[in-house]
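In what follows, a structure is listed as structure tokens, so that the remarks can point back to it.
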Amino acid sequence: MKNLLESLVENNRIHVSEGKVASYIPELSKTNPSDLGICVVGLDGKEYGAGDFEKKFTIQSISKVISLMLALLDNGKRNVFEKVGMEPTGDSFNSIVNLEVKSPDKPFNPMINAGAIATTALIGGDNQEEKSERLLEFTRKITGNPEINYNEQVYLSEKETGNRNRALAYFMKSNGIIDGNVEEILDLYFRQCSIEGNCRDIARIGAMLSNDGVIPWSGERVVSREVSRIVKTIMVTCGMYDASGNFAVHIGIPAKSGVGGGIMASVPRRMGIGVYGPSLDEKGNSIGGAHVLKGLSDELDLSIF
Ligand code: GLN
């Protein structure tokens with residue numbers, strides 16, 4: 001497995017020059033566009049890494065999966081999907097237009113920014129600090145990594161410049177989709193996006209999901225089978241934004257990307273995969289990461305379809 005991963009990284013490094021690192025969050029523009037790495041975590045707990053798999057990055061939109069799980073645990077399926085839908089959009093992740101013209105009562109799904117902000121608003125806790133601590137504790141548990149933390153620079157950088165997300169959130173407040181203090185909800189959203197980890201950390205989240213909500217290395221159940229199924233399904237239909245259809249056809253694995261360059265993937269009952277390559281395509285998905293995943297999917301016949 002290790003040799004296979006190494007050759008996939010080396011053969012696909014060439015693709016990183018076809019994309020660009022995200023710069024709309026100024027702090028992200030400092031990342032090295034040629035980084036590329038992968039980690040696979042099997043359901044027997046065995047881990048294999050290649051390339052830059054130990055480099056840390058901010059998980060950005062991969063955190064949408066984490067906040068969705070927490071919101072489902074805290075509120076139940078019915079209450080969550082009363083506020084946010086489960087349909088793909090075919091539009092970019094930070095699109096505003098649907099919220100006004102097509103779906104003013106609820107954002108389309110929890111994987112686009114509007115839907116994720118509405119989901120984050122449902123995370124339980126008595127105050128801001130408790131909510132932020134719960135998010136971190138949950139992430140530490142599902143990654144098995146007690147050192148997971150927020151990246152303060154990236155958090156502050158997005159908080160300062162995230163006016164598009166601010167627009168989405170205030171619009172949703174005016175339509176009654178979100179309750180409570182908008183700036184606090186945004187603050188928690190910016191924090192979750194700045195959670196820092198490496199390929200192994202996100203591969204472990206994928207492994208837990210592929211094991212139907214049970215952490216493979218400890219046997220502990222962290223989410224129900226139903227929550228794990230809901231999350232993986234929404235990853236297939238919406239996880240790669242408006243490239244989700246293409247990704248499903250060519251790679252066929254439930255996955256969630258982030259503009260930090262990570263992709264977390266979960267092959268049901270087989271393995272979790274984390275890839276990292278901050279050079280992004282025009283949809284905001286890791287270009288080298290997607291090529292490596294495609295190579296692995298072809299080689300090991302991982303498509304679920
Ligand atoms: N923090 C980013 C944003 O809200 C997350 C987007 C992403 O990873 N696609 O714009």
Side-chain angles (χ1 to χ4, degrees), residues 19-31 56-68 84 88-99 107-121 123 132 135 139 150-172 178 182-183 185-197 199 201-202 205 234-235 237-244 247 255-265 274-290:
K20 280 203 216 75
V21 301
S23 56
Y24 77 101
I25 300 172
E27 199 61 28
L28 292 184
S29 62
K30 297 181 184 163
T31 43
K56 283 188 185 174
F57 54 90
T58 56
I59 66 170
Q60 297 295 333
S61 281
I62 298 169
S63 70
K64 290 169 176 159
V65 171
I66 302 174
S67 51
L68 175 60
V84 56
T89 65
D91 294 305
S92 64
F93 65 82
N94 56 6
S95 169
I96 292 179
V97 65
N98 287 333
L99 216 42
F108 267 75
N109 69 68
M111 301 290 121
I112 51 168
N113 288 11
I117 294 167
T119 309
T120 297
I123 291 176
S132 147
L135 199 51
T139 312
Y150 298 117
N151 176 320
E152 206 64 18
Q153 283 83 23
V154 175
Y155 155 68
L156 290 173
S157 180
E158 183 165 19
K159 191 170 163 118
E160 199 176 307
T161 55
N163 291 319
R164 203 173 167 100
N165 287 324
R166 225 163 244 119
L168 289 169
Y170 278 99
F171 189 86
M172 289 191 288
I178 57 177
V182 179
E183 285 304 326
I185 294 165
L186 281 165
D187 184 78
L188 193 60
Y189 172 76
F190 295 141
R191 278 199 177 276
Q192 72 174 58
C193 291
S194 80
I195 291 174
E196 199 169 47
C199 288
D201 297 315
I202 58 171
I205 302 175
I234 294 182
M235 282 163 65
T237 54
C238 315
M240 304 298 287
Y241 317 115
D242 43 335
S244 298
F247 196 86
K256 180 75 204 87
S257 65
V259 291
I263 303 177
M264 182 272 282
V275 293
Y276 170 58
S279 178
L280 308 178
D281 64 18
E282 72 284 358
K283 312 259 184 186
N285 296 321
S286 170
I287 201 156

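Predicted, not measured: the structure shown is a model, and the values here were computed from it. Both counts, for ligands and for their atoms, begin at 1 and track the order of listing. Residues: numbered from 1 along the sequence shown. Computed from heavy atoms alone, side chains included, the values below leave out hydrogens, waters and symmetry copies.
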Less than 4.0 Å between a side-chain N and a carboxylate O, is that true for Glu183 and Arg166? yes
Main-chain N/O of Ala169 paired to Tyr189 side chain as donor or acceptor, under 3.5 Å: no
Of Ser95, Ser61, Ser92, the residue whose pairing with Tyr241 passes side chain to side chain donor-acceptor pair (under 3.5 Å): Ser61
List by chain and number: which residues place a heavy atom under 4.0 Å from ligand 1? Tyr24, Ile25, Gln60, Ser61, Phe93, Asn113, Glu158, Asn165, Tyr189, Cys193, Tyr241, Gly258, Val259
Give me the ring orientation class for Phe57 and Tyr276: parallel if the planes are under 30° apart, tilted from 30 to 60°, perpendicular past 60°. parallel
Let's go through Asn151 and Lys56 carefully: what are the C-alpha distance in whole Å and the side-chain angles of both, what is the deciding distance for side-chain contact (heavy atoms from CB on, under 4.5 Å) to 0.1 Å, and is it a yes or a no? CA-CA 10 Å; Asn151 176 320; Lys56 283 188 185 174; over 6 Å; no
Tyr150 and Tyr155: CA distance, side-chain angles, deciding distance, ring-ring contact (aromatic ring centres under 6.0 Å, His included) verdict: CA-CA 7 Å; Tyr150 298 117; Tyr155 155 68; 7.4 Å; no
